[in-house]
Amino acid sequence: MKIEIADRLKKLPPYLFIEIDKMKRKAKDEGVDIIDLGIGDPDLPTLKPVIEEMQKEIWDAKNHQYPLGSGLKEFRVAVTEWYKKRFGVDFDPDTEAMALIGSKEAIGHLPLAFVNPGDVVLIPDPGYPVYNAGTIFAEGIPYIMPLLEKNGFLPDLDSIPSDILKKAKLMFINYPNNPTAAIAPKSFYEKVVAFAKKNSIIVCHDAAYSEMFYEGAKSPSFFNAEGAKDVGIEMFSFSKTFNMTGWRLGYAVGHKDLIAGLASVKGNLDSGQFHAIQRAGIKALQLPDKWTDDLRKTYEARRDVLVSGLKSLGWSVNNPKATFYVWIKVPEKFASSNKDVKSISSELVKFLLQNCGIVSTPGVGFGKYGEGYIRMTICTTEERLKEAVKRLKEKCRF
Ligand SMILES: *Cc1c(COP(=O)(O)O)cnc(C)c1O
């Protein structure tokens with residue numbers, strides 16, 4: 001029998017990283033000493049008190065059954081207390097907060113709850129690919145909001161045509177931003193709230209990097225904007241903040257009807273996150289700031305090594321105040337000597353892999369407005385970043 005995949009899967013853009021992954025594997029097999037600045041996944045272990053809590057909880061048989069529902073009450077209370085302490089915003093743990101199996105699934109599932117076939121979803125470009133995939137799975141129509149450097153990588157809401165606005169049901173935003181590392185001021189969120197109310201558009205703020213900031217550039221929450229709770233939901237992830245990518249834990253807070261809709265989709269598709277993991281998550285939220293401060297210091301020192309190294313090459317980079325990404329403009333000279341290639345960002349990524357053994361990500365993998373940039377992460381040691389800079393200095397004098 002010939003197996004045919006569904007049209008919705010065929011509608012997803014080709015996975016651009018496959019070719020790079022192949023090249024990476026080939027280079028590894030050939031014995032090249034690869035420095036991987038490609039993946040956004042912390043190299044450091046989960047914080048120790050969280051692991052210790054898990055060790056305790058895993059033996060408790062009452063944690064072993066189907067978790068079901070919106071998460072443990074204790075978890076939701078810990079979430080709302082943390083949120084209040086960090087952002088000064090109140091949420092009702094019973095109706096305005098829920099546990100997630102990581103924020104990715106919730107971002108992907110949200111359109112199933114609120115988007116009808118033919119509804120438009122406003123999506124940032126460059127952006128995390130799940131906004132687009134979730135929209136397509138719900139038979140929504142993605143409308144791209146370009147994130148341009150001249151606008152501080154914030155979408156230009158005034159440029160969205162009125163016929164699109166009439167059909168728009170949902171919009172995704174994400175600050176601190178992956179991949180550009182841009183941060184959004186509270187005034188931007190205020191603008192988004194007014195825009196959403198005027199056009200009856202639901203706002204989903206992806207706050208995966210809210211705790212990864214440097215030099216005290218602590219981001220506000222979307223809900224620090226007056227009236228945000230009327231229009232929005234926010235997704236938070238334990239992955240990057242506490243080095244817990246493999247654990248799969250996140251939470252959502254927001255308008256109670258948005259929480260209920262998402263919970264309804266999830267209730268039909270999954271059975272919740274392991275209670276032991278939720279309890280370890282409570283521990284993470286209750287840790288003294290010192291733990292995350294130390295992590296931020298580690299990343300800041302790494303950032304300084306990579307950014308100063310790139311700058312010494314004459315490359316145009318913004319010194320990121322948040323996230324663990326460095327968004328780098330493809331150097332002019334490299335671009336002008338490779339005029340005929342289909343994607344200049346993919347070309348530079350290939351060049352860096354073949355000549356320096358450095359893995360990075362082409363901006364075009366995040367959407368067409370990511371073209372012309374590459375992304376490097378600082379999820380490796382200072383020592384390896386120094387080595388990367390050294391190799392760049394030797395091989396990349398264009
Ligand atoms: C990493 C990431 C997430 C997803 O994190 P989870 O591990 O699923 O919680 C969501 N959004 C962005 C922008 C990310 O980079």
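First listed ligand is number 1; within each ligand, the first listed atom is number 1. Computation of the quantities below employed the complete heavy-atom set of this structure, encompassing side-chain atoms and omitting hydrogens, waters and symmetry-equivalent molecules.
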* Have a look at Glu105, Lys104, Met235, Lys240 and point out the one with the heavy atom closest to atom 14 (C) of ligand 1. => Lys240

* Structure fact -> Counting from 1 in the order shown, the ligand 1 atoms closer than 4.0 Å to a non-hydrogen atom of Arg248 are 6 (P), 7 (O), 8 (O)

* Asked: For ligand 1, which atoms, with element, lie under 4.0 Å from some heavy atom of Asn174?
  -> 13 (C)

* At what distance is the nearest protein heavy atom to atom 15 (O) of ligand 1, and which residue and atom is it? -> Tyr209 OH, 2.6 Å

* Kindly assign one of parallel, tilted or perpendicular to the pair Phe153 and Tyr373, based on the angle between their ring planes and the thresholds 30° and 60°. => perpendicular

* Please report which non-hydrogen protein atom sits nearest to atom 12 (C) of ligand 1, along with the residue it belongs to and the distance in Å to one decimal place. => Asp206 OD2, 3.3 Å

* Asked: For ligand 1, is there an N or O atom under 3.5 Å from any N or O atom of Thr245?
  -> no

* Asked: For ligand 1, which atoms sit closer than 4.0 Å to a heavy atom of Ser239?
  -> 6 (P), 7 (O), 9 (O)

* Tyr325-Tyr209 side chain donor-acceptor pair, cut-off 3.5 Å -> yes

* Asked: Step by step, would you call Arg25 with Asp29 a salt bridge (charged side-chain N to carboxylate O under 4.0 Å, His left out)?
  -> CA-CA 6 Å; Arg25 235 169 284 178; Asp29 289 345; over 6 Å; no

* To do: Report the relative orientation of the aromatic rings in Tyr175 and Phe188; use parallel for angles under 30°, tilted for 30 to 60°, perpendicular for over 60°.
  => perpendicular

* Hey, what's the ring geometry for Phe366 with Trp327, parallel, tilted or perpendicular (30° and 60° as the breaks)? -> perpendicular

* What residues form a side-chain contact (heavy atoms from CB on, under 4.5 Å) with Asp257, not counting sequence neighbours? -> His255

* To do: Look at atom 5 (O) of ligand 1 and say which protein heavy atom is nearest, naming residue and atom and giving the distance to 0.1 Å.
  => Ser103 OG, 3.4 Å

* **ligand 1 contact by Phe238, heavy-atom criterion under 4.0 angstrom** => no

* **No-hydrogen, no-angle side-chain donor-acceptor test under 3.5 Å, Thr298 and Arg302** => no

* By number and element, which atoms of ligand 1 are closer than 4.0 Å to a non-hydrogen atom of Gly102? -> 8 (O), 9 (O)

* To do: Quick one: list whatever passes salt bridge (Lys or Arg N to Asp or Glu O under 4.0 Å) with Asp163, sequence neighbours left out.
  => none

* Which ligand 1 atoms does Ser237 reach within 4.0 Å, using its non-hydrogen atoms? -> 5 (O), 6 (P), 7 (O), 9 (O)

